[in-house]
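Read through the structure below, which is laid out as structure tokens, and then see the notes.
Because the structure is a prediction, the values reported are computed rather than measured. In what follows, chains are A, B, ... by sequence order, proteins preceding strands, each numbered from 1.
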Amino acid sequence: MELKNDLVINLLTNVGDILEILGESVYKIRAYRKAVEALKEITEDVENLVKEKKIEDVPGIGEAIGGKIKEIVETGKLYYLDKLLKQIPLEVTSLMKIEGIGGKTAGRLYHELGIKSIKGLEEAIGNGLLLSLPGFTEAKVAKIANALKSVKSEQKPLPNIEQHAFKISDFLVNTNLLLKVDIGGSFRRKKSTVRDLDIHAVGDPANFEQVMKLFTEMTEVSEVIVTGSSKSTVKLVNDLNVDLRLLEENSYGAGLLYSTGSRAHTIKLRTICDKKNLTLNEYGLFKEKNDELIASLTETEIYKAMGMSFIPPELREDRGEIEAAMSNSLPRLITREDIMGDLHIHTNWSDGKASLKEMITAADNSSLEYIAITDHVGKIPIYRPLNKTRFNEQKKELENLVSDFEIKILHGIEVDITKEGKIDAPKEMLIEAEFVIASIHSLFDLSEEEMTQRILTAMDNEYINAIGHPTGRMFEKREGYNLNFSKIVEKGKETNTFLEINAQPNRQDIDDYIVFDIRVKLPVYIGTDAHYTKDLENITWGINIARRGWCEKKHLLNCLGYKELLRKLKH
DNA sequence: GCCGTTTTCGGCCCGACTGTTTTCAGTCG
């Protein structure tokens, strides 16, 4: 049986969109949005939650939405949505993907002009129909026509946009018109993917007009979406949206807190403030009655004034960090210095580009205590995977090299998991290899149950230490397959098999919310999957995921020293 | 529609920018 999580998320999203077009209560719409967000953050099978009558335990899901989820799980359909769709066709919701068009405008376009789709909207602009609509002036129509070219921006892998982000903040710093420039938003929270950049800067308001002019006229800007004296949004030629928020220096901490978000974190903070008769905004924390300023200079002061310890940006997702900060029980997140080893590295013995010696030299020069060399074995589409003979040759080369280095080396392999969950490698190699990663490299479109079973079967193999890039996602190439993680974690505990956080920029697999869920049940480890020596630096992306997943040293296999690690492995 | 350290009703985060609304609704973050 398939997991129904995606279906439930889709149908409830549709309900939210249609309700928005119908102009329903914003609180009702918000309730559906919140329920969808909550469902995206759980790794459990929604069907099981329904069966065990635990679905209403999920925060944001109550009796009404819980009942609808039950109906979707049991019948695959939702009568309530079907009824709504008799009033508004589903396609109308596509209009809301255009910048500046929300539910109200989409509703008017449909009701007053019969426009159902983006294509219909283009036609209505072309033949002048849109101009006939009250309130739609030439300027407004031109703006919509322009916005049509760009649907609301997509998520992009953080590593791909890091350089753009620094370039823009450098540009702002170099104007010499600002005192401090910070990149906030999901960039500062170190999310694997970001939708836009939120830049926060403080300075003398006398300079703001000039800063905004320089910002909106940067050569990389393809379009100015909004611009005002304290806030502007531009679209860059590479389709990245950048927000710039300017504040006075004495609002620095409050502005950074606001800029960093997340939205859910901010809302929770403000809700708590409300109960304490405080108001929190981007200018500061105030007493509600008399507007008296309580704190604004630093984030630490503001958190403290709200009765909390400083919350690292990576945790600001309303996953319990606020409650933990109030009870002084935030996790001691891992740092770069805590990482003792890298357990997934390739060399030119398979599809890596660096030699064994080059890789070891590079790793030895970093602060690592150990690495695992894990070249490919099995029928995978690369030029030259290892066979038994070459594995032995590699071992010999390794033995000759080790004395020259301080770093400890596990001679491992990465093996392929076949469709049936078998391990495509000779047993002698599995016995001899000191760290065996099993990964899926083909047939990605099996059902959820088949994929889960495929991995469970592989984990049952007594020589497998770890599952590499567990969901197989590759940004801008393919979605990851869904897995039943509760079953996989159970099997991991039973068989002493661990899950990888693959740190390749285009993988970043598994996601932080999965790590958050499983970390206390089964240790994880970060592997760079390096193919070049410089790829060893990709460990950063894995650390981001681990930190966002609330990992402390005890949750990560590669925070163990070499000897402790060996004791943990099953062979 | 959800929720509760003022708890089963009456609230629900807060503010900037846009357009044409002469006082605010819509959209966004």
Side-chain angles (χ1 to χ4, degrees), chain A residues 12 15-16 19-21 23-38 55-69 80 95-109 133-144 147 152-153 184-186 194-200 208 212 216 224-234 241-247 251 254-255 257-286 288 291 306-307 318 322-323 326:
Chain A
L12 294 183
V15 170
L19 291 178
E20 205 169 331
I21 292 168
E24 262 286 355
S25 145
V26 290
Y27 301 111
K28 191 169 175 177
I29 295 162
R30 194 178 296 171
Y32 278 93
R33 302 287 185 224
K34 205 175 170 197
V36 166
E37 289 311 308
I55 191 71
E56 288 178 35
D57 294 348
V58 178
I61 295 178
E63 201 181 331
I65 294 182
K68 289 182 175 71
I69 293 173
Y80 179 60
L95 297 173
M96 291 162 64
K97 292 196 168 66
I98 300 164
E99 286 268 8
I101 296 185
K104 289 283 172 4
T105 311
R108 284 196 65 195
L109 292 172
L133 207 57
F136 282 69
T137 59
E138 292 213 19
K140 186 164 175 171
V141 171
K143 196 168 174 172
I144 291 174
K152 285 165 190 167
S153 55
S186 43
V194 302
R195 207 166 58 82
D196 54 18
L197 289 177
D198 297 284
I199 300 187
H200 160 249
F208 288 177
M212 284 306 188
T216 54
V224 178
I225 295 172
V226 291
T227 182
S229 57
S230 78
K231 186 177 156 179
S232 293
T233 303
V234 298
N241 277 17
V242 185
D243 292 347
L244 175 61
R245 185 67 212 264
L246 302 177
L247 288 159
S251 291
L257 185 62
Y258 162 82
S259 254
T260 302
S262 67
R263 177 108 94 242
H265 179 83
T266 308
I267 289 173
K268 178 65 94 43
L269 289 180
R270 288 175 176 179
T271 307
I272 288 169
C273 284
D274 202 46
K275 286 178 188 140
K276 298 182 174 184
N277 290 321
L278 302 171
T279 303
L280 176 67
N281 57 33
E282 57 267 54
Y283 300 102
L285 179 68
F286 301 90
E288 212 159 42
D291 270 7
M306 292 186 293
D318 191 21
I322 290 171
E323 293 78 359
M326 287 195 286

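If you check B/dG1, B/dG15, B/dG29 against the side chain of A/Lys68, the one that comes closest is B/dG1. Considering only the side chain of A/Lys104, B/dG26 comes nearest among B/dC13, B/dG26, B/dG1. Taking the side chain of A/Asp274 as heavy atoms from C-beta on, and the options B/dG15, B/dC12, B/dG1, the nearest nucleotide is B/dC12. Closest approach to the A/Tyr283 side chain among B/dG15, B/dG29, B/dG1 is made by B/dG15 (side chain taken as heavy atoms from C-beta onward). If you check B/dG1, B/dA16, B/dT27 against the side chain of A/Lys28, the one that comes closest is B/dG1.
Evaluation of the side-chain hydrogen bond (donor to acceptor under 3.5 Å, both in side chains) rule for A/Glu37 yields no partner, not counting sequence neighbours. Applying the salt bridge (charged side-chain N to carboxylate O under 4.0 Å, His left out) test to A/Lys28 and every residue at least two apart in sequence or in another chain returns A/Glu24. Under the rule for a side chain to side chain contact (heavy atoms under 4.5 Å, CB included), the partners of A/Thr266 that lie at least two apart in sequence or sit in another chain are A/Arg270. With sequence neighbours left out, A/Thr227 forms a side-chain hydrogen bond (donor to acceptor under 3.5 Å, both in side chains) with A/Ser232. Scanning for salt bridge (charged side-chain N to carboxylate O under 4.0 Å, His left out) contacts around A/Arg30 gives an empty result, with sequence neighbours left out. Checked against side-chain hydrogen bond (donor to acceptor under 3.5 Å, both in side chains), A/Lys268 has the following partners two or more places apart in sequence or in another chain: A/Asp318, A/Glu323. By the salt bridge (charged side-chain N to carboxylate O under 4.0 Å, His left out) test, A/Glu282 pairs with A/Arg245, sequence neighbours left out. Applying the salt bridge (charged side-chain N to carboxylate O under 4.0 Å, His left out) test to A/Asp196 and every residue at least two apart in sequence or in another chain returns nothing. Under the side-chain hydrogen bond (donor to acceptor under 3.5 Å, both in side chains) criterion, A/Asp243 pairs with A/Thr233, sequence neighbours left out.
For DNA chain B, the residues of residues 261-269 of chain A within the heavy-atom distance limit of 4.0 Å (strictly under) are A/Arg263, A/Ile267, sorted by number.
Rounded to whole Å, the distance from CG on A/Leu257 to P on B/dG29 is 19 Å. What separates CD of A/Glu20 from C1' of B/dG1 is a distance of 15 Å, to the nearest Å. In this structure, A/Arg30 places its CZ atom 15 Å from P of B/dC28, rounding to the nearest Å. Here the P atom of nucleotide B/dG11 and the OH atom of A/Tyr27 are 10 Å apart, to the nearest Å. The CD1-P distance, from A/Ile98 to B/dG26, rounds to 18 Å in whole Å. At whole-Å resolution of the value, CE in A/Met96 and P in B/dG29 are 13 Å apart. Following rounding to the nearest Å, A/Glu99 (CD) and B/dC28 (C1') show an atom-to-atom distance of 8 Å. If you take CG of A/Leu12 and P of B/dG1, they are 12 Å apart, rounded to a whole angstrom.
Judged purely by atom type and a 3.5 angstrom limit, A/Thr271 uses its side chain to pair as donor or acceptor with the backbone of A/Ile267.
When the C1' atom is used for both B/dT7 and B/dC2, the distance is 13 Å, rounded to whole Å. As rounded to the nearest Å, B/dC9 and B/dC14 have P atoms that lie 25 Å from one another. Spacing between B/dT6 and B/dG11 at atom P, rounded to whole Å, works out to 16 Å. Separation of the P atoms belonging to B/dC3 and B/dC13 is 13 Å when rounded to the nearest angstrom. Atom P of B/dT23 sits at a distance of 25 Å from the matching atom of B/dC28, rounded to the whole Å. One C1' atom belongs to B/dC12, the other to B/dC17, and the distance between them is 24 Å to the nearest Å. B/dG15 and B/dT22 have their C1' atoms separated by 22 Å, with the value rounded to a whole Å. B/dG1 and B/dT5 are spaced 23 Å apart, taking the P atom of each and rounding to whole Å.
In this structure, A/Ser259 reaches neither bases nor backbone, as no heavy-atom distance under 4.0 Å exists between it and the strands shown. Residue contacts shown for A/Ile29 are absent, as no nucleic acid heavy atom lies under 4.0 Å away.
Counting non-hydrogen atoms of other residues, nucleotides and ligands closer than 6.0 Å to NZ of A/Lys68 gives a total above 12.
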Report task. Please lay out, stage by stage, how A/Leu285 and A/Met306 fare under the test side chain to side chain contact (heavy atoms under 4.5 Å, CB included). Result -> CA-CA 9 Å; A/Leu285 179 68; A/Met306 292 186 293; 3.8 Å; yes
Requested in this report: Show your reasoning for whether side chain to side chain contact (heavy atoms under 4.5 Å, CB included) applies to A/Leu244 and A/Met212.
Outcome: CA-CA 8 Å; A/Leu244 175 61; A/Met212 284 306 188; 3.9 Å; yes
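Comparing A/Asn281 and A/Tyr258 by the nucleotide of DNA chain B whose heavy atom lies nearest to each, the residue mapping closer to the 5' end is A/Asn281.
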Report task. Do nucleotides 2-8 of chain B as a string where each nucleotide becomes B, S or -: B if the base has a protein heavy atom under 4.0 Å, S if just the sugar-phosphate does, - if no protein is that close. Result -> SS-----
Report summary line: Per-nucleotide protein contact along nucleotides 17-23 of chain B, 5' to 3', at a 4.0 Å heavy-atom cut-off (B base, S sugar-phosphate only, - neither), is SSSS---
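Listed here is the closest heavy atom pair of A/Met96 and A/Ala106: CG-CB, 4.0 Å.
In terms of phosphate contacts, A/Arg108 brings no side-chain nitrogen or oxygen within less than 4.0 Å of OP1 or OP2 of B/dG26.
Base-pair partner of B/dT8: not found among the strands shown (Watson-Crick or G-U wobble, both distances under 3.5 Å).
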